[in-house]
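To keep things clear, I will list the structure first and then write my remarks on it.
When reading the values below, keep in mind they use all heavy atoms of this one structure, side chains included, and skip hydrogens, waters and symmetry mates.
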Amino acid sequence: MDPISALPLSIQIRNRSRSMGIKLLVVGFLALLIAIPAIFVSDIVEERTTRAKEVVQEVGSRVGGQQTFLGPVLTIPYTIPPIYKGAPPSTGVYVVFPIEGDATVRVRTEERHRSLFKVPVFQADLKFDASFDLSGVPSAAPVDAALDWSRAGIVVGVSDAHGALADGTLTVNDKTLTFAPAGNIGDENSQQRLPLTYLGVAANDIAQPNAVFKVNAALRFSGAQRLAVLAYGKTSHITVEGDWPSPGFDGSFVPVKRTVSAQGFSGEWLVPFIARGVRAEGTNTAVSSLDGAAMGVSLIEMADPYQSVNRSMKYLPLFVGLVFLSYFVFEVTARKRVHPAQYVLVGLAQLIFYLLLLSLAERIGFDWGFLLAGASTVLLLSSNTNWIFKSRPQGFRALAVFSLLYVFIYLLLRLEDNALLVGALASFLAVAAVMYLTRKIDWYSSITPGGEQASAVLGREGV
């Protein structure tokens, strides 16, 4: 007769309910259950991330926000006679881009603080050189359009004129003129991603049919987070230098040269006419088409705490699962039962770790925040192991295991592109290690409060 079946039914049920195999399933279920309160932790992280973005937008709007600049272009109003007698004539603006545009931008940055949040802002000094050759102009004007050369002007553009730190100037033929607000020369019906504010000066004395001339424009503006320059010439050469240590080069074109160091950065772009994708002259729709021909530099935070904490939350199920699996191995190898409520407390400690990480990362950065929050949690989990098993060796064992686990999670966050591969391999090795360490265990047996297997209990019952 099966010795277990000879036991009273109540003892059979109790022993099977304490089966280590069933306990493993319960532990796995608890690990999944912890994901429910983790949603609320994720909501807190998202709320702080949203608040940080709001502060960036608020501070940025006061200094000019993300700035985009258009170098000098020539504008000439035109008129088209009416088709029907008595109808008003059609009007528009004809735009001529310089044959060569050469811009130099020097950027000085600083961080503005609002409560716990930091916003990178900049002051930019911009120098634009433009060479015009009006031979053959106009070549793309509407049919019957008559250009009014007497009202020609040189125009520059900026996405937010509130960031102006000084009056812009234009130098031509050793004469310096000051820019003034100008009318819109972009296509009002187009969906411009970055509508510009235009500043201009009269150019009727230099802009004549078949004329050749050069102009130099100087602007000084403030802004936040990002600066971009449109490819305003048929051939455009742009150089941007600054003191920000972690720039992001973006836009439609990649720099032909770039250098980045702890002291700052420099980037150089060269955009030939065929790469720009916009005609050398045309109606105001040509300016709107330049939206896709920008060269930009973003002031990126080297360690965005909210982005880092968000990434760490994605590994929470893996993190909690490995911690629970470690506790289960401690339980099996020490032959002492751990109540499911104690697993729940361990899971809550993991959730509180993320709250500590977020609150500390806001103040001292993600790296130091992870160190302090992780060290505190590892010490708590190790002490808890000592309390549960009443064994200092088990406590030191837990200290070593959980320290390695937190170091692994930190490295996983820093690996970025290889994080998925390393995480998958580490998880595989962790499961393989558990399989090896528990290879001699009878999963149908149970652990009694005294630390003995159920078979020993059966022996004492005289079965």
Side-chain angles (χ1 to χ4, degrees), residues 69-80 92-105 126-158 168-177 179 182-183 185-187 196 198-219 229-239 252-253 256 268-295:
F69 298 93
L70 171 68
V73 299
L74 176 65
T75 61
I76 310 169
Y78 66 84
T79 303
I80 302 176
V93 177
Y94 194 74
V95 178
V96 181
F97 296 103
I99 59 172
E100 291 184 1
D102 193 342
T104 301
V105 184
L126 305 101
K127 306 292 184 183
F128 295 100
D129 297 333
S131 301
F132 291 90
D133 185 350
L134 306 186
S135 302
V137 175
S139 63
V143 177
D144 297 329
L147 274 60
D148 186 355
W149 292 90
S150 65
R151 295 165 56 200
I154 300 294
V155 171
V156 297
V158 58
T169 59
L170 182 78
T171 302
V172 55
N173 295 334
D174 297 326
K175 183 179 180 181
T176 300
L177 306 172
F179 283 109
I185 64 171
D187 184 7
L196 301 177
Y198 297 97
L199 311 170
V201 298
N204 57 301
D205 55 339
I206 57 172
Q208 300 295 330
N210 300 316
V212 177
F213 58 91
K214 294 183 179 181
V215 299
N216 308 101
L219 303 174
V229 178
L230 300 176
Y232 65 98
K234 288 179 59 178
T235 299
S236 299
H237 177 251
I238 312 294
T239 301
S252 304
F253 305 96
V256 294
E268 184 178 347
W269 291 260
L270 181 62
V271 182
F273 182 39
I274 59 174
R276 190 178 75 149
V278 180
R279 299 184 62 173
E281 56 185 274
T283 60
N284 52 6
T285 57
V287 176
S288 302
S289 301
L290 286 180
D291 282 347
M295 292 146 282

message: The test is side chain to side chain contact (heavy atoms under 4.5 Å, CB included); show your working for Val278 and Tyr232 and say whether it passes.
response: CA-CA 10 Å; Val278 180; Tyr232 65 98; over 6 Å; no

task: Evaluate the side chain to side chain contact (heavy atoms under 4.5 Å, CB included) criterion for residues Phe97 and Leu290: first the C-alpha distance (whole Å), next the side-chain angles of each, then the deciding distance (0.1 Å), finally the verdict.
output: CA-CA 11 Å; Phe97 296 103; Leu290 286 180; 3.5 Å; yes

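- Between Phe128 and Ala103, the closest heavy-atom pair is CD2-CB, 3.6 Å.
- Closest approach of Ala293 to Ser252, counting heavy atoms only: N-OG, 3.8 Å.
- One finds the CD1 atom of Ile99 at 7.0 Å from the NZ atom of Lys234 (value rounded to the nearest 0.5 Å).
- The backbone N or O of Phe253 sits less than 3.5 Å from a side-chain atom of Trp269, completing a donor-acceptor pair.
- Counting all heavy atoms, side chain and backbone alike, Leu230 lies closest to Ala294 at CD2-CB, 3.7 Å.
- Here the CD-CE distance, from Glu268 to Met295, works out to 11.5 Å after rounding to the nearest 0.5 Å.
- With hydrogens and angles disregarded, a donor-acceptor distance shorter than 3.5 Å links the side chain of Tyr94 to the backbone of Ala140.
- In this structure, CD1 in Ile238 is found 9.5 Å from CG in Leu270, a value given to the nearest 0.5 Å.
- Between Val105 and Phe69, every side-chain heavy-atom pair lies at or beyond the 4.5 Å cut-off.
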Could you tabulate the donor-acceptor pairs under 3.5 Å formed by side-chain atoms of residues 144-156, not counting sequence neighbours?
residue: Asp148; atom: OD1; partner: Ser150; partner atom: N; Å: 3.3
residue: Asp148; atom: OD1; partner: Ser150; partner atom: OG; Å: 2.4

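- Side-chain atoms of Val287 and Val93, non-hydrogen and from C-beta on, never get closer than 4.5 Å to each other.
- When all heavy atoms of Phe273 and Thr235 are compared, the pair lying nearest together is N-OG1, 4.1 Å.
- Closest of all the heavy-atom pairs between Ser135 and Asp133 is OG-OD1, 2.8 Å.
- Nearest heavy atoms, Leu70 versus Tyr198: CD2-CE2, 4.0 Å.
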Side-chain polar contacts of residues 203-218 - donor-acceptor pairs under 3.5 angstrom, sequence neighbours left out - could you list them?
residue: Gln208; atom: NE2; partner: Asn204; partner atom: O; Å: 2.6
residue: Asn210; atom: OD1; partner: Gly136; partner atom: N; Å: 3.4
residue: Asn216; atom: ND2; partner: Asp129; partner atom: OD1; Å: 2.5

